[in-house]
Amino acid sequence: MSRKKGKWLKIRIISFMFVFVLLFGVLLYQAFNLQVVSSRDLKTLARKQHIKSLQLQPERGLILDCNGEKLAASIMMDSVCAEPPRIADQAKAASALESIFPESKGQILSKMKNARNFCWIARLVSPEQAVAVKSLKIEGVYLIKEPKRVYPNKMLAGPLIGFVGVDSNGLEGLELRYDNLLKRKPEEIVWARDAKGNSLFMQESLTAKKKDKGYNILLTIDSRIQYLVDSQLNEAVQRTGAKGGIAVAMDPKTGAILAMSQEPGFNPNTFHKTSAESKKNRSVADSFDPGSTFKPFVASAALEEGVVKETDRFNCENGSYQVANRVFHEAQRHKYGSLTFREVLKYSSNIGSIKISQKLGKEKFYKYITDFGFGSKTGIDLPGEASGILRHCGQWTTVDASAIAFGQGISVTAIQITTALAAIANGGLLMKPYIVRGFTDAEGNLIKEFPPTVVRRVISNQTAGIMASVLT
């Protein structure tokens with residue numbers, strides 16, 4: 001019996017030692033896992049629980065015209081924020097702040113009570129308001145520097161440049177298209193919290209020792225030409241009583257846009273007071289029937305194909321010409337008889353243009369107008385570009401082909417028309433239009449430059465020369 005007891009005692013001791021070793025191993029594994037394997041994740045979690053941060057955007061990069069004149073810049077202004085747990089009497093603080101800002105005491109107090117550790121009281125306040133807040137000396141109410149985007153030339157090229165929101169994010173135009181390049185590395189406002197979530201202290205620190213300075217954008221726009229185009233377009237709209245207008249100036253040899261204007265325009269400094277229609281860049285976003293501005297392209301195509309010559313004459317039917325079941329007329333009911341090729345364009349004859357297109361044929365007509373860039377985006381470096389509307393020639397009736405010859409039944413954008421006409425002025429080469437000439441660093445050193453881009457040859461240099469003479 002004693003042998004049996006001794007045996008069972010040994011078994012129990014061995015079992016106990018096995019369980020002890022097993023438990024010790026589990027504890028050792030957990031300790032290793034916590035201190036080594038999961039250390040980074042746990043530290044991150046602890047930081048999230050005890051450290052609160054707010055990212056603030058520093059100044060955005062500049063937008064400069066081709067001569068280095070500032071079209072968009074940033075200035076640092078004060079914003080007012082609060083740490084509600086540090087404010088001894090929130091109602092009293094709200095009452096004091098009410099005397100400075102348009103918001104009511106109740107609205108300010110609501111912000112404080114609904115926020116656990118941080119809330120904005122007012123963003124980008126005036127210097128006078130900042131001084132008034134500072135003079136209150138309220139514990140838990142702070143002034144923080146934030147950038148405010150300003151446009152020194154006000155309405156000059158407003159729809160082209162675009163604007164930014166209160167958080168310094170690009171919302172329209174070049175500000176949107178190049179938002180990632182204009183933005184710079186954010187700064188961080190950091191404060192600690194105790195186990196109950198109460199704020200312990202607040203401090204400023206940078207997320208990186210060396211601040212990312214970002215880029216400035218150098219445009220092809222010449223502000224002097226832009227001003228002249230703006231002025232002339234405004235005068236033309238006023239004189240004619242038009243609802244609006246679009247004007248684009250391009251260097252035909254390079255595709256560089258020298259000016260891009262529209263009426264009505266808007267001042268990006270006060271973009272919130274402007275309608276959505278005025279904010280969009282209509283030179284690239286709006287499609288319309290080109291009308292008689294389309295006639296040079298059917299004429300160029302016919303000359304290039306050799307189906308017409310400068311000396312050819314066209315019977316313009318005394319102002320009335322039937323194609324299939326439709327009768328076409330001249331604009332303003334003009335009545336032309338026999339016109340030369342040059343005179344068809346000089347007098348902008350609809351019937352003459354139809355007859356030129358008939359000699360060309362719809363397949364070749366379609367080929368040339370697509371080669372000129374119609375029906376597809378130009379690829380200009382601006383947001384919101386439309387491609388216009390151009391149905392395939394297989395869907396054209398004879399009436400459709402005739403109407404397209406004088407710019408009806410097709411929709412184009414202003415940038416397409418400008419680029420296509422520039423191809424005639426450039427000896428037949430279609431250039432890709434562009435707005436941004438390059439990027440510079442904060443010191444003005446050129447980091448990247450964009451060269452002109454040839455898209456394709458549309459017509460020969462000889463045909464382009466004849467057409468340039470005719471259009472002149």
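In what follows, every heavy atom counts, from backbone to side chain, and hydrogens, waters and symmetry copies are set aside.
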Asks: Checking Ser402 side chain against Thr398 main chain: does a donor-acceptor pair fall under 3.5 Å?
Replies: yes

Asks: Under 4.5 Å between any side-chain heavy atoms of Leu171 and Val164, yes or no?
Replies: no

Asks: Under 4.0 Å between a Lys/Arg side-chain N and an Asp/Glu carboxylate O for Lys359 and Glu305?
Replies: no

Asks: Aromatic rings Phe341 and Phe314: how do their planes relate, parallel, tilted or perpendicular, breaks at 30° and 60°?
Replies: tilted

Asks: Judged by modelled atom types alone, do Ser349 and Glu330 share a side-chain donor-acceptor pair under 3.5 Å?
Replies: yes

Asks: Over 60° means perpendicular and under 30° means parallel, so tell me whether Phe294 and Phe365 are parallel, tilted or perpendicular.
Replies: tilted

Asks: Is any side-chain heavy atom of Gln262 less than 4.5 Å from a side-chain heavy atom of Leu160?
Replies: no

Asks: So, Phe297 versus Tyr368, ring centres under 6.0 angstrom or not?
Replies: no

Asks: Thinking salt bridges, do Lys70 and Asp65 make one under a 4.0 Å N-O criterion?
Replies: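 Looking at Lys70 and Asp65, the cut-off is not met.
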
Asks: Is the closest side-chain heavy-atom distance between Leu303 and Met467 below 4.5 Å?
Replies: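 Contact flag for Leu303/Met467 side chains = yes.
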
Asks: Sub-3.5 Å donor-acceptor pair from the side chain of Asn350 to the main-chain atoms of His329, do we have one?
Replies: yes

Asks: Taking atom types as modelled and ignoring hydrogens, do the side chains of Thr472 and Ser469 form a donor-acceptor contact shorter than 3.5 angstrom?
Replies: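 Short answer, no.
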
Asks: What distance do Leu182 atom CG and Arg177 atom CZ have between them, rounded to the nearest 0.5 Å?
Replies: 11.0 Å

Asks: Which pair of non-hydrogen atoms, one from Phe271 and one from Lys279, has the smallest distance, and what is that distance?
Replies: O-CE, 2.8 Å

Asks: Measuring only between side-chain heavy atoms, which start at C-beta, is Phe328 closer than 4.5 Å to Val323?
Replies: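 Sidechains of Val323 and Phe328: in contact.
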
Asks: If you measure from the Lys or Arg side-chain nitrogens to the Asp or Glu carboxylate oxygens, is any gap between Arg391 and Asp400 under 4.0 Å?
Replies: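 Yes, charged N to carboxylate O under 4.0 Å.
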
Asks: Tell me, which pairs form a side chain to side chain donor-acceptor pair (under 3.5 Å) where one or both residues lie in residues 282-294, sequence neighbours left out?
Replies: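 Of all non-adjacent pairs touching residues 282-294, those that pass side chain to side chain donor-acceptor pair (under 3.5 Å) are Lys280-Asp286, Arg282-Asp286, Ser292-Lys295, Ser292-Ser348.
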
Asks: How about Gln322: does its CD atom have over 12 heavy atoms from other parts shown lying under 6.0 Å from it?
Replies: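 Counting other residues, nucleotides and ligands, CD of Gln322 exceeds 12 neighbours.
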
Asks: Roughly how far, to the nearest 0.5 Å, is CD of Gln226 from CG of Asp222?
Replies: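 Between Asp222 CG and Gln226 CD, I get 9.5 Å after rounding to 0.5 Å.
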
Asks: Can you confirm whether Thr274 sits close enough to Asn267 that some side-chain heavy atom of one is under 4.5 Å from a side-chain heavy atom of the other?
Replies: no

Asks: State whether the number of non-hydrogen atoms from other residues, nucleotides or ligands found under 6.0 Å of Arg224 atom CZ is greater than 12.
Replies: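 Not more than 12 within 6.0 Å, no.
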
Asks: Does any N or O in the side chain of Asp78 come within less than 3.5 Å of the main-chain N or O of Leu143, such that one atom is a donor and the other an acceptor?
Replies: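 Side chain of Asp78 to backbone of Leu143, a donor-acceptor pair under 3.5 Å: no, none is there.
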
Asks: Any non-hydrogen side-chain atom of Thr311 less than 4.5 Å from a side-chain atom of Thr340?
Replies: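 No, too far: nothing below the 4.5 Å cut-off.
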
Asks: Hey, what do you get for CG (Leu218) to CG (Leu62), rounding to the nearest 0.5 Å?
Replies: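 Interatomic distance, Leu218 CG to Leu62 CG, rounded to 0.5 Å: 11.0 Å.
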
Asks: If I compare all heavy atoms of Cys316 with all of Leu339, which pair ends up nearest, and what's the gap?
Replies: SG-CD1, 3.7 Å

Asks: Can you see which heavy atom on Lys111 is nearest to which on Ile121, and at what distance?
Replies: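 Lys111 and Ile121 have their closest heavy atoms at NZ-O, 3.0 Å.
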
Asks: Any salt bridge between Lys335 and Glu317, counting N to O under 4.0 Å?
Replies: no

Asks: Between Lys183 and Ser168, what is the shortest heavy-atom contact and its length?
Replies: CE-O, 4.0 Å

Asks: Provide the closest heavy-atom pair for Gly244 versus Pro264 in the form atom of the first, atom of the second, distance.
Replies: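 Minimum heavy-atom separation between Gly244 and Pro264: CA-CD, 4.4 Å.
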
Asks: Give me the one residue out of Glu172, Glu175, Glu59 that meets salt bridge (Lys or Arg N to Asp or Glu O under 4.0 Å) with Arg149.
Replies: Glu175

Asks: Using a cut-off of 6.0 Å, state whether more than 12 heavy atoms not belonging to Tyr227 lie near its atom OH.
Replies: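 No, because the 6.0 Å sphere around OH of Tyr227 holds 12 heavy atoms or fewer from other groups.
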
Asks: Is Lys355 close enough and on-axis enough to Tyr321, meaning under 6.0 Å and within 45°, for cation-pi?
Replies: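 Yes, a cation-pi geometry.
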
Asks: Is it the case that more than 12 heavy atoms not belonging to Lys432 sit under 6.0 Å from its NZ atom?
Replies: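 No, not enclosed.
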
Asks: Could you state the interatomic distance from CG (Leu446) to OG1 (Thr440), rounded to the nearest 0.5 Å?
Replies: 7.5 Å

Asks: Is there a donor-acceptor contact under 3.5 Å linking the side chains of Asp230 and Ser261?
Replies: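 Note: Asp230 and Ser261 side chains meet the donor-acceptor criterion.
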
Asks: Hey, is Lys243 close enough to Glu263 for a salt bridge, meaning N to O under 4.0 Å?
Replies: no

Asks: Closer than 4.0 angstrom, basic N to acidic O: yes or no for Glu235 and Arg239?
Replies: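 A salt bridge is present here (some side-chain N lies under 4.0 Å from a carboxylate O).
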
Asks: Should the ring pair Phe374 and Phe372 be called parallel, tilted or perpendicular, given that the plane angle runs from 0 to 90° and is split at 30 and 60?
Replies: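 Aromatic pair Phe374/Phe372 classed tilted.
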
Asks: Identify the heavy atoms of Pro296 and Ile424 that sit nearest to each other, and give their distance.
Replies: CB-CD1, 4.3 Å

Asks: Ring centres under 6.0 Å, that's the criterion: do Tyr366 and His392 meet it?
Replies: yes

Asks: Starting at CD1 of Ile221, measure out to CG of Asn67 and round the result to the nearest 0.5 Å.
Replies: 11.5 Å

Asks: Just checking, any donor-acceptor pair under 3.5 angstrom between side chains of Ser74 and Arg60?
Replies: no

Asks: Is there side-chain contact between Val344 and Ser353, with at least one heavy-atom pair below 4.5 Å?
Replies: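 Result yes, sub-4.5 Å side-chain heavy-atom pair found.
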
Asks: Relative to the ring of Phe439, is the ring of Phe450 parallel (under 30°), tilted (30 to 60°) or perpendicular (over 60°)?
Replies: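 Phe450 and Phe439: perpendicular rings.
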
Asks: Decide, yes or no, whether a salt bridge links Lys253 with Asp251 under the criterion of side-chain N to carboxylate O below 4.0 Å.
Replies: no

Asks: Enter the distance from Leu429:CG to Asn461:CG here, rounded to the nearest 0.5 Å.
Replies: 8.0 Å

Asks: Flag the pair Met431 / Met250 as yes when at least one side-chain heavy-atom distance between them is below 4.5 Å, and no otherwise.
Replies: no

Asks: Verify the distance criterion only: is there a donor paired with an acceptor across the side chains of Arg437 and Thr220 at less than 3.5 Å?
Replies: no

Asks: Can you give me every donor-acceptor pair (side chain of residues 378-390, partner residue at least two apart or in another chain, under 3.5 Å) with its distance?
Replies:
| from | atom 1 | to | atom 2 | distance (Å) |
| --- | --- | --- | --- | --- |
| Thr378 | OG1 | Ile380 | N | 3.3 |
| Thr378 | OG1 | Glu385 | OE2 | 2.7 |
| Asp381 | OD1 | Ile435 | N | 2.9 |
| Asp381 | OD2 | Tyr178 | OH | 3.0 |
| Asp381 | OD2 | Val436 | N | 3.0 |
| Glu385 | OE1 | Gly379 | N | 3.2 |
| Glu385 | OE2 | Thr378 | N | 2.7 |

